[in-house]
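Bear in mind that the values here come from a model prediction, so they are computed numbers and not experimental data. Quick note on labels: first sequence line is chain A, next is B, and so on, each numbered from 1.
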Amino acid sequence: MKPIESFELPSPSKVNYLNAVYGLKSWLLTKDHKRIALLYLGSITFFFFIGGIYALMIRLELLTPSGDFLESTTYNKVFTQHGIIMIFFFLIPSIPATLGNFLIPMMIGAKDLAFPRINLLSWYVYLAGGIITIYALLAGGVDTGWTFYTPFSTTFSNSYVVATGLGIFINGFSSILTGLNFIVTIHTMRAPGMTWFRMPLFCWSHYATSLIMILGTPVIAITVLLLAFERVSGVGIFNPKLGGDPVLFQHMFWFYSHPAVYIMVLPGMGVISELIANFSRKNIFGYSFVAFSSIAIAVFGFLVWGHHMFVTPQSVYAGMIFSFLSFAVAIPSAIKVFNWTATLYKSSISYDTPMLYALGFIGLFTIGGMTGLFLASLATDVHLSDTYFVVAHFHYIMVGGALMAYLGGLHYWWPKMTGRMYPEGWGRFGALVVFVGFNLTFLPQFIAGYIGMPRRYHAYPPEFQVYNVLSTAGASILGFGMLIPAVYFVWSMRYGKHAEANPWHLPGLEWRTQSPPPTENFEQTPIVTWDAYEFAPPEETEVVGKFHGEVERAS
Amino acid sequence: MQSWIPIVPESASSFSWKVDALYFYLSGVTLFFTLLISGTLIFFVIRYRRRTPYEIPRPVAGSHKLETVWTVIPFVIAMTMFVWGASVFFDQYKPPQNAIEVYVVGKQWMWKLQHATGQREINELHVPVGRKVRLIMTSEDVIHDFFVPAFRTKADVVPGRYTTMWFEATKPGTYHLFCAEYCGMNHSGMIGSVIVMEPRDFDNWLSGNVGSMTPATAGQQLYQTLGCASCHGGSGEGGRGPALTGTFGTQISLASGGTVTADEGYLRESIINPQAKLVAGFGPIMPTFQGQVSEDQLMQLVAYIKSLHGAGTTTPAPTPSAAASPSPARAVASPAPAPSIR
Amino acid sequence: MSEHIVSVRVYITIFLVLLVGTALTVWAAFVDFPFGLNTIIAMAIAVTKATFVVLYFMHVRYSTRLVWVIVGSALFWMGIMFAFTFADYFTRSRLSIGT
Amino acid sequence: MIESHAATPEIHGHPALQHHFENMEQQREAGTLGMWIFLVTEIMFFGGMFLAYTLYRNLFPAGFVLASNHLDITLGAVNTGVLILSSFTMAMAVYFTQTGKLRPQVWCLVLTLILGLTFLGIKAVEYHEKYTDRLIPGRIIPGAHFGPDPHAFHLQAGAPELAQIEMFYWIYFAMTGMHALHMVIGAGLLTYLIIFSLKRRFDPEYHSPVEVIGLYWHFVDIVWIFLFPLLYLLGRHLGGH
Ligand code: HEA
Ligand code: HEA
Ligand code: CUA
Ligand SMILES: [Cu+2]
């Protein structure tokens, strides 16, 4: 069996998905998953920068203990909108809708997702949700916190809760449609020979993510819908004054929103699996464990939502169950971390930018995840809940983890997506700045939280100032660090070096087609005869000195 | 409050050290795994850096043995955290005996507190050192959260129901009181202080601040003016409605079958929404008092009903709340078990 | 996978079963069953009716295992939502008082 | 553009085959699977409301019984029958498509649509009754805020159950409203099917749209199968009207 033979590098064709058809209309009506991925990339980046500007406003306000830069009402809107934009309009769609959309069909050897039109629809739905939310922000903003706790959101807040809720409701459908598309695609569209256990782990983690999107998102949809109706009608399904129970809202909200944190991190984990394996030229240690741990996280992730409610009147017994299960759900994450680390053993590691982000991810995710255990543990959560410790915990996972994975993935697949290389030196420099800035921003917040600084505070007692100054300083470095990739990515689209079909010399299917790929991804449907991350067997390499997919056309 | 840069919060309650101990354990484990993993990563990254552009390392098969090891060990460690965390939490939530009771009403954006002995405070809570203090809390509007970092405790204050928490301060001083659940515009201004005093100072403070009626007395007046007496008897002995004397803390059998413990939450519900849990043997005739009594008044009614302990109750006497005693100063100065007079 | 075409006879039978089920549940609603069985009976009838629709009208009986898994997991997840939420509500306030 | 069809020589030339599928079988499988997964999201969506319903029914048994006994059981039962019949005709439409009998197929679709609209009509009558009884919860409708005649429920003015009754009707409108919305969408889909059936687009080899929309229609039927006893029937035996 010589897998090499089934493969030839594509002829270096000038026609690709980017230039096959021209014009605005060809983009706005495209059904090509790769173009839709780029549409998403643009809009998501836009939302990220809005969210980032809000973040900088938060940090600026918190530089001094007194609330001098922003009014308290403004500050409340700022952190709410920061949370809403970052979660619903940036992080949840980020990796799935861009990288996932672009790569899943290619990784399994399909021509497109199963429902290209639904894929396009999902982008429009996302846009509609985004525009409504932006409208709400411009009209006056919303100040409920991204968690919309009742009865504040239903009866007390006089900001644009209904419009924002509607935006999130609509946006939810985009998430559902994406998840649906991925599941069906992975089930029905795999190329001949692409068995489940030959799929890259990226696909596994997106499969798991899609499960959560399918099972969870409808619940947040109905929850915000009921919330909006309640606000309009004045009937109290969540309002104690009218006989409702505010805690029910929290149950329904977290039933989605806890699993949603795994929507945010699982795709990132998929990216990391790719990066670790490919930049160390090693098959993932314990492939099936890493694959199944994604599914385990998706399933168990649904059983722990009550850990956000330890200090509410939730029953003490329910609290114990939720605490126990929260610890259980940490185990699959641990399995991943250990397997990634073990993969590097006796491997061949390169220091390209994506790998730097991947290594950063593992370290920061470990810290973020382990501090989650402080919160899953009942007694410590009582003290730490709703303090900056929580803020630090989730930024470590969402920024240090998911965002780093996203950046790493973007760098890694940039040549495939655009046909251009990013500047490697600047890439490494940017990764370093981001890493340093990030830690300076959020490490101090753990201590600030432990000594008692509550979150969502616009002014605070002076003894917390030291940590806030450090944090603000870090945020400026981080903000600067984020600008570096932003600038050189844009630059490279025009001036970057042309990318080869397989610039990293890797065996994955997506590298066995030209960069950028043709409209239907492959010139002919590939027949897969090798496992994921199967670099050429050593005997063969020694002889040939090359890798799969790198064999010259004529050979 | 401190001039140096704090890295641990002040510790001033009987269980703050327990929380800290767990916290340090967790920090230790976190540090260990973070160092273990980042150390290994750094070592591998240097040791196995790519040396020649075309080298291909030998692929490895996974190892079930290793997988088991790094599944089981973290699980076991995680379980120690769970058990430890849960047991401290359980202690923290098991309501105490013989506690001083303080009624707390949160509203946007202030804390209104009333001692069982009648003293009212706003955004300040005076408590003695070495006595258990139990807070019975509710909110007039949105969810707030009563958070005292130095005591390592917090609990949501939720409209429409009572939540409780307790602590025992161990060190005199003034500590931050924060609202830890986002509650709107002035959430960050909904702060105050808990002032822990030596028992003697506390007694002085109490006697220097009499003035208002005790909640129980106020509740008694309400009981008469609202016409509760017409059904429950002039002093709670019963009539068309069940006797209220000695009810608090007992098991009530319900018309729907089953029983319920008559805690503050139940009493509150019985007044606001009497039909929700009908006492066995009575019809649904009690009108709701929803909208007719404020949260403050409800607390007073509840305090009054709690203060009615009958002579012949079979269950152990309920919390001997200070409210029952005529003299506030005496009530506090004579805690039932080993008074901590220093 | 070639698909199964359900015969008209089966469809008609199911249709009649559903009508009978509806009549039955209306009738049962007015009978005072002991032990609060009314709710259980009403739900049992509804579940039976739904099962028939799913199995025959929606062809699940003749579908791949995957479809079974999908239907099952939807019910399972709804079960999770109910079970854990009620695990909270039904054990509330057991600890709320010291006696 | 790269012409990939040439790569798979055994391709059927069915006009409905989309370019990215290998064959009709794969396309049909994907469609059915997609619809089933969509139905999963629907189950979770309605599940959230069922959760609220169950909770409040447990918290406020008295008010809920009063309120639910006030619903019109005849209309509810008739509507259940209508919907079941429409499910049956839908199933038959799928059958006739599969067997290639295209005239009866169109008739079945038309019947299904008519029955669906009948359901909505009856629902509208019920809603209107609620409107005249001022049972629309809250202040959604200006000038007709919730405020039924308490005696209709054998209650005194200001009785606490009134709030619970309002809660019931809130949940009633949320659930039946959402259900009705699904019916409206279903009616739209049926119209699409009818138009394309008349254009002879479907045949035994390409019947997936009929089948998939059928699945949706049956699902909406199932939701009603649960709503009917939960909203109209539970608590009837306790007396009432
Ligand atoms: C991507 C997002 C993400 C992810 C993946 C996680 C993962 C976890 N989270 Fe986090 N969390 C959030 C985002 C996230 N969280 C957000 C946004 C909030 C705040 C919401 C709000 O209120 O606004 C929050 C809040 C939050 C709380 C509530 C705090 C409070 O408000 O009081 C809790 C409590 O249990 C918690 C726990 C956990 C746990 C146990 C994990 C676990 O999954 C972590 C598992 C990972 C590891 C454990 C690390 C790897 C393992 C090892 C290196 C091996 C060693 C392991 C052991 C010894 C067990 N999180
Ligand atoms: C994906 C999710 C995500 C991401 C990426 C971030 C990113 C950041 N967050 Fe975010 N944050 C949340 C999700 C996220 N956050 C959530 C859910 C909350 C809770 C909200 C709530 O309580 O309801 C929160 C709350 C929150 C708080 C607590 C507010 C409070 O409780 O009062 C703080 C405080 O420091 C903070 C800071 C930051 C910072 C400094 C970043 C940085 O990483 C941002 C870095 C990015 C940029 C800086 C943008 C790029 C650069 C530019 C745009 C250049 C700008 C131009 C110039 C400098 C001229 N966040
Ligand atoms: Cu009160 Cu925050
Ligand atoms: Cu969580």
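For D:K199 and D:F196, the positive end sits near the middle of the six-membered ring, less than 6.0 Å away and at most 45° from its axis.
Contact count against chain D (heavy-atom pairs under 4.5 Å) is highest for A:I237 among A:I214, A:L226, A:T185, A:I237. Residue with the most contacts toward chain D among A:V219, A:T217, A:V21, A:L180: A:L180 (heavy-atom pairs, distance under 4.5 Å). Each of D:F38, D:F146, D:Y56 has some count of heavy-atom pairs under 4.5 Å with chain A, and the biggest count is that of D:Y56.
Using cut-offs of 30° and 60° on the angle between ring planes, the pair A:F169 and D:F45 is tilted.
Donor-acceptor pairing under 3.5 Å is lacking for the side chains of D:Y216 and D:H182.
Residue D:R134 qualifies as enclosed at atom CZ: its count of foreign heavy atoms under 6.0 Å is above 12. The environment of D:K123 atom NZ is dense: over 12 non-hydrogen atoms of other residues, nucleotides or ligands sit within 6.0 angstrom. No more than 12 heavy-atom neighbours from other residues, nucleotides or ligands sit within 6.0 angstrom of CZ on A:F229.
Residue contact with chain A, scored on non-hydrogen atoms closer than 4.5 Å, involves the side chain of D:L51 exclusively. If you measure heavy-atom distances from A:F255 to chain D, the contacts under 4.5 Å come from the side chain alone. At a 4.5 Å heavy-atom cutoff, the contact between D:F60 and chain A is made by side-chain atoms alone. Of the two parts of A:L248, only the side chain, counted from C-beta on, holds a non-hydrogen atom closer than 4.5 Å to a non-hydrogen atom of chain D. Of the atoms belonging to D:L33, heavy atoms from both backbone and side chain fall under 4.5 Å from chain A. Proximity to chain D is limited to the side chain of A:L225, based on heavy atoms less than 4.5 angstrom apart. Both the backbone and the side chain of A:L215 come within contact range of chain D, each with at least one heavy atom under 4.5 Å from a heavy atom of that chain. Heavy atoms of A:M189 lying under 4.5 Å from chain D belong to its backbone as well as its side chain. Of the two parts of A:N521, neither the backbone nor the side chain holds a non-hydrogen atom closer than 4.5 Å to a non-hydrogen atom of chain D. Contact annotation for D:A174: only side-chain heavy atoms (C-beta onward) come within less than 4.5 Å of a heavy atom of chain A.
Remark: D:F226 CZ to D:L231 CG distance equals 12.5 Å, nearest 0.5 Å.
Here the rule is ring pair (Phe, Tyr, Trp, His ring centres under 6.0 Å) with A:H308, and of A:W254, A:F322, A:Y256 only A:W254 fits it.
For D:F228 and D:H179, the ring centers sit 6.0 Å or farther from each other.
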